[in-house]
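We name chains A, B, ... by the order of the sequence lines, and we start the count at 1 in each one. These numbers were taken from a predicted model, which means no experiment stands behind them.
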Amino acid sequence: MKNIRYVSSFVVFVVALRMAAPLRSQETAAPGDIRQKFQELQKVVEQQNADLAEQQRRLFAIESYLASSPGAEVQNEDYTKARSRFHTKLLRKGPPPDKGAPIAPPQGVSEVVYSSGDLHLKAWVNRPADSSRKYPAVLFLHGGFEFAKGDWEQSKPYRDAEFVVLAPMLRAENGPARRIFVLLR
Amino acid sequence: MGQPGAFSYFYDEVDDVLAAAEYLAKQSYVDPNRVFLAGHSVGGTLTLLAALASRRFRAATSFSGAAFWPEFAESKSLPFDRRDPQEIRMRSPIAYASSFHCPLRMYFGTREDGFFGIMSRRTAALARKAGLDVEAVAVEGDHGSHVAKAMMQSIAFFKKIAPDEAPTGSSPVELPRTLDVELGDSIKLKLVRIETGKFLMGSPVSETGHTDDEAQHEVVVAKPYLIGIFPVTQAQYRQLMGTQPSQFSPVGRSRDKVNGLDTDEFPVENVKWEDAMDFCSVLSLLPALRDNGWVGDLPSEAEWEYAARAGTRTPFYFGNQLSSEQANFNGNNPYGGGPKGPFLQRTTKVGSYPPNAWGLYDMHGNVLQWTRDWYDKDYRADASDMTARTARAGFWGLGSNGCRAARRMPVAPNVRGSGLGFRVIIRLRNN
């Protein structure tokens, strides 16, 4: 119910903003600026509307999730224990939903290979120049379902603060874009 | 070419994250005591799941990590069956919010408060109720733009949790006579102290089954150590590493052989030598060890055999005979005229057979146990042929000869198998 109240107060806010916009611009702006001011405010309103639609979509998703899996919040079991008894059953074997492409590391960044079970996967790491010391390290996981140069750049503050950063690519990522899953059997 | 494997949407990818963490911790230029975890958006969700699964990380921060993924409720093209609630739960950090294994900050943008704020605060509240150091933090900005600022907070948080100065100031605390290391979820690792002394390592030429890499010689054990009274169990391994490699487990390749059995206290197996070392490395991170100046390790061959013999000079600590009523091996091949017995063709719960005089179980049979030494026929410490590590104790599939205290098994470090596990020791740091 709280969520609904939150959404409805947002609606009231946006509607109020819409009504106030032309009035305010008439009071304060010279006639020649009115059109421009109005367009700017219209943009703000559009953004608010888009945000609101997004919030509503998310809230609906939360509610439908909680409604479809009652009790999902209260697993008393340790996650590691649950993992040890669970295997996901994949209906389809394929790549992630995002478009990806193989990429080469920028200068000064090493591409390395790590093993996950039987898979050999790539990662980028900034090997320090002074290897006589041991540095603290951050395992940095990229946003989206593919790894891109921007993800590496995002981790710059860690590197500037003298952390070794390893950014792994995960299974099935950064291949040729394929949105259609291959059906298993 | 892209990366191999199949996209599972937040399940198998967690294994990749944990594997990458172990890779990182092993690099010569990385302090394995200060490995942190961070990720944005999809990577934020994986951060939460990995912090639930493993104890490798000193602390974690997610930036817009979803405590559950709304697409699971909406999308028609998921690679798994969303009608199975467990499939969704296992991908939803919020469902297991009470088992985060390290301090955690969940950052999100003020402009995305409606979703990420609600879910992050709820997850943090559930975690705190379980006594965990988890907080949701709003940072000015949207899904992308809040990250730069939040990352500065994350750096401060990491530095507070594990300051740059290595805590090497004080000298290590003396090893206690016995030790129970709490691994969480009521799972304990039990160890006893082995005192210094001398013993005859290897076997006499007259011993049945003796081979020429067992030349008998005196060894001095100069430093005390704690040794696990059991091989590391599946529950203990899972608790620290977040993975379940064992074949004799409900999800393992040989699950048919353990149908209906609780394998939590079966020995972990199917682990490479490096996997065993990784376990020791994470064990060393626990405050119970770190704060006392102790480190987890694999025993040397000498430390293993000294502890296995517990003062005896016979082929087994039981004496000159062995039947499969005393240990888990192929009972069709007893030793020294002992009676034939059962052949279980699988591992057994640790501690199912009588211990030796020093209180150690499963030093003959059940699973082979990695030692930290390279195999050298003449026990040389500076072995030039570094192709195999030595494993000890024999295992469930071998005859009794292979389970003798002196028996040495060269095993390539990257080999895994359902008869190959390990036992840990704890020693003083820099010792």
side-chain contact (heavy atoms from CB on, under 4.5 Å) for B/Y29 and A/S132? Distances and angles first, verdict last.
CA-CA 7 Å; B/Y29 48 86; A/S132 64; over 6 Å; no
What part of B/D12 gets within 4.5 angstrom of chain A, counting heavy atoms only: side chain, backbone, both, or neither?
both
Does A/V138 form a side-chain contact (heavy atoms from CB on, under 4.5 Å) with B/L24? I'd like the steps, not just the answer.
CA-CA 9 Å; A/V138 175; B/L24 178 59; over 6 Å; no
Can you tell which part of B/T61 gets under 4.5 Å to a heavy atom of chain A, answering side chain, backbone, both or neither?
side chain
Select one option (side chain, backbone, both, neither) describing which atoms of B/L49 are under 4.5 Å from chain A's heavy atoms.
both
Does A/R92 come within less than 4.0 Å of B/D81, counting only side-chain N to carboxylate O?
no
Looking at every heavy atom in both B/A6 and A/L90, which two are closest together, and how far apart are they?
CB-CD1, 4.1 Å
Go through the atoms of A/E153 and report whether side chain, backbone, both or neither lie under 4.5 Å from a heavy atom of chain B.
neither
Considering all heavy atoms of both residues, which atom of A/R83 and which atom of B/G242 are nearest to each other, and what is their separation?
NE-O, 3.8 Å
A/A82 to B/Y96 - nearest heavy-atom pair and separation:
CB-OH, 3.6 Å
Below 30° counts as parallel, above 60° as perpendicular, anything between as tilted: where do the rings of A/F145 and B/W69 land?
perpendicular
Hey, does A/D78 have a side-chain heavy atom less than 4.5 Å from the side chain of B/H101?
yes
Report the C-alpha distance between B/Y237 and A/S84 in whole Å, list the side-chain angles of each, state the deciding distance to 0.1 Å, and finish with yes or no for side chain to side chain donor-acceptor pair (under 3.5 Å).
CA-CA 10 Å; B/Y237 189 86; A/S84 76; over 6 Å; no
Measure A/F163 against the heavy atoms of chain B and call it side chain, backbone, both or neither at under 4.5 Å.
side chain
Hey, mind stepping through A/R127 and B/V30 against side-chain contact (heavy atoms from CB on, under 4.5 Å) and telling me if it holds?
CA-CA 9 Å; A/R127 270 185 227 271; B/V30 168; over 6 Å; no
Would one find more than 12 heavy atoms of other residues, nucleotides or ligands at under 6.0 Å from atom NZ of B/K26?
yes
Proximity breakdown for B/F57 and chain A, heavy-atom pairs closer than 4.5 Å
side chain
For B/E87 against A/H87, the heavy-atom pair lying closest together:
OE2-O, 4.4 Å
Which answer fits B/E22, side chain, backbone, both or neither, if we ask what part of it has an atom under 4.5 Å from a heavy atom of chain A?
neither
So, is the end of the B/R34 side chain (NZ or CZ) under 6.0 Å from the ring centre of A/Y135 and within 45° of the ring's axis?
no
Could you check which of A/L166, A/D130, A/V125 has the highest count of heavy-atom pairs closer than 4.5 Å to chain B?
A/L166
Which heavy atom of A/K134 sits nearest a heavy atom of B/Q27, and at what distance?
NZ-O, 4.3 Å
Are the side chain of A/Y79 and the backbone of B/S98 linked by a donor-acceptor contact shorter than 3.5 Å?
no
Would the distance check show the side chain of A/S116 and the main-chain N or O of B/A19 forming a donor-acceptor pair, the cut-off being under 3.5 Å?
no
Any chance the side chains of A/T88 and B/Y9 put a donor and an acceptor closer than 3.5 Å?
no
So which of A/S115, A/G144, A/A123 has the biggest tally of heavy-atom pairs under 4.5 Å with chain B?
A/G144
Select one option (side chain, backbone, both, neither) describing which atoms of A/Q154 are under 4.5 Å from chain B's heavy atoms.
both
Does any heavy atom of chain A fall under 4.5 Å from the side chain of B/M90, the backbone, both, or neither of them?
both
Over 12 non-hydrogen atoms of neighbours within 6.0 angstrom of CD in B/Q86
yes
Parallel, tilted or perpendicular for B/Y11 and A/F86, by the 30°/60° rule?
perpendicular
Would you call the rings of A/Y114 and B/Y23 parallel, tilted or perpendicular, where under 30° means parallel and over 60° means perpendicular?
tilted
Where does A/P168 contact chain B at under 4.5 Å (heavy atoms): side chain, backbone, both or neither?
side chain
Is a donor on one side and an acceptor on the other found under 3.5 Å between the side chain of B/Q3 and the backbone of A/K122?
yes
Between B/D31 (side chain) and A/P136 (backbone), is there a donor-acceptor pair under 3.5 Å?
no
With salt bridge (charged side-chain N to carboxylate O under 4.0 Å, His left out) as the test, would you mind laying out the steps for B/R416 and A/D118 before giving the verdict?
CA-CA 12 Å; B/R416 283 181 292 195; A/D118 298 330; 3.3 Å; yes
Non-hydrogen side-chain atoms of A/E77 and B/R89 separated by less than 4.5 Å:
no
A/T80 versus B/S54, closest heavy-atom pair with distance:
CG2-N, 4.5 Å
Under 4.5 Å heavy-atom distance to chain B, tell me which part of A/R133 shows up: side chain, backbone, both or neither.
backbone
Identify which part of A/A161 has an atom lying under 4.5 Å from any heavy atom of chain B, answering side chain, backbone, both or neither.
both
Counting only non-hydrogen atoms closer than 4.5 Å, does A/S155 touch chain B with its backbone (N, CA, C, O), its side chain (CB onward), both, or neither?
backbone
Segment of B/R255 engaging chain A (4.5 angstrom heavy-atom cut-off)
neither
Taking atom NZ of A/K149 as the centre, report whether more than 12 heavy atoms of other residues, nucleotides or ligands fall under 6.0 Å from it.
yes
Going through the checks in order, is the side-chain contact (heavy atoms from CB on, under 4.5 Å) test met by B/L78 and A/L91?
CA-CA 8 Å; B/L78 299 174; A/L91 304 172; over 6 Å; no
